[in-house]
K.L.:
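Input: one structure, supplied below.
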Amino acid sequence: MKIATWNINGVRARIDNLLAWLTESVPDIVALQEIKTLDEGFPRLEIEALGYHVETHGQKGFNGVALLSKIRPDEISRGLPGNGEDEQARFIEGVFSVDGGAIRVCSIYLPNGNPPGDPVKYPYKLAWMDRLLAFAEDRLALEEPLVLAGDYNVIPEPHDCFDVRAWEGDALFLPETRQAFRRLENLGLTDAVRATTDAVPLYTFWDYQAGCWPKNKGIRIDHLMLSAEASDRLISTAVEKHVRNWEKPSDHVPVVGVFDFAA
DNA sequence: ATGGTTGACTATCAA
């Protein structure tokens, strides 16, 4: 079973790329971020035509997440628990039947948090990470396969960015950000890509500006975080870097985990 | 060489 995360940066602008990638890679479950559309604007018919179920949690203009799956989800819930006032669509959770059990997959679009001096944005990011920590703690207690898949907007380690000096004051790399990410790992979540490779550099995002892609000035911020029950079944991972060379690409590329679950 | 794009939406904002 192949489970992927991809920040699509506007699903309507990217539908041709998305259909091409689904056809090529044939993932079983895909967590999308930044769909940048309301649910009713999501191009679901084209995706359903490839045999996927589509569950969205959209928002006008910004944010928005979705789960695409070859198998029908048994349960779906929208929104990260912990703050009923939060209007931003950044989280959707699905439960799927596999091997006679359940696997839980969440699509996460963690707040960017820049600029860190802003009175609202960085505190919102840290508060969101606290809520994610509480959520993860709750779900880990179920002792089930769990995949928290998404754009974390966190550079975990110095070697996960091109130049530490360029990122040291950024909300994606500040010590508090990395500490919060480490707290998540310390609950018992495994970074799937790092569990399967030591390769550096290994990036998942390259800014559109200043020729970052041709110069390979990227960062690794898209992650598959696994419970022990999921990590035990992990076979391999892949960062589908070639997709960044396609016409009209997203600034992120898909990150894929292959598991020995049967659908 | 001091670097500047993209998507959603229509004047900027977010990334």
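Residue numbers start from 1 in every chain, and the chains themselves are labelled A, B, ... in the order their sequence lines are given, proteins ahead of strands. Just so it is clear, the structure is predicted and the values come from calculations on it, not from any experiment.
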K.L.:
Can you build the contact string for nucleotides 5-15 of chain B? Use B for base contact, S for sugar-phosphate-only contact, and - for no protein heavy atom under 4.0 Å.
P.N.:
BSSSS---BSS
K.L.:
If I take atom CZ in residue F162(A) and atom C1' in nucleotide dG3(B), what distance separates them, rounded to the nearest angstrom?
P.N.:
13 Å
K.L.:
Work out how far the C1' atom of dG4(B) is from that of dA14(B), and round it to whole angstrom.
P.N.:
15 Å
K.L.:
Mind running salt bridge (charged side-chain N to carboxylate O under 4.0 Å, His left out) on E157(A) and R220(A) for me, showing each step along the way?
P.N.:
CA-CA 9 Å; E157(A) 297 295 336; R220(A) 192 176 73 90; over 6 Å; no
K.L.:
Between D86(A) and R131(A), is there a salt bridge with N-O shorter than 4.0 Å?
P.N.:
yes
K.L.:
Apply side-chain contact (heavy atoms from CB on, under 4.5 Å) to D207(A) and list each qualifying residue two or more places apart in sequence or on a separate chain.
P.N.:
F205(A), Q209(A), C212(A)
K.L.:
Quantified in whole Å, what is the P atom distance between nucleotide dA15(B) and nucleotide dC9(B)?
P.N.:
15 Å
K.L.:
With rounding to whole Å, what would you report as the distance between dA11(B) and dT5(B) at their P atoms?
P.N.:
23 Å
K.L.:
What distance, rounded to whole Å, do you find between the two C1' atoms, one in dG3(B) and one in dG7(B)?
P.N.:
22 Å
K.L.:
Run the ring pair (Phe, Tyr, Trp, His ring centres under 6.0 Å) check on Y109(A) and F91(A) step by step: do they pass?
P.N.:
CA-CA 6 Å; Y109(A) 180 44; F91(A) 182 94; over 10 Å; no
K.L.:
Among E93(A), E144(A), E229(A), whose salt bridge (Lys or Arg N to Asp or Glu O under 4.0 Å) with R139(A) holds?
P.N.:
E93(A)
K.L.:
Can we say D99(A) and R233(A) salt-bridge, meaning some charged N sits less than 4.0 Å from an Asp/Glu carboxylate O?
P.N.:
yes
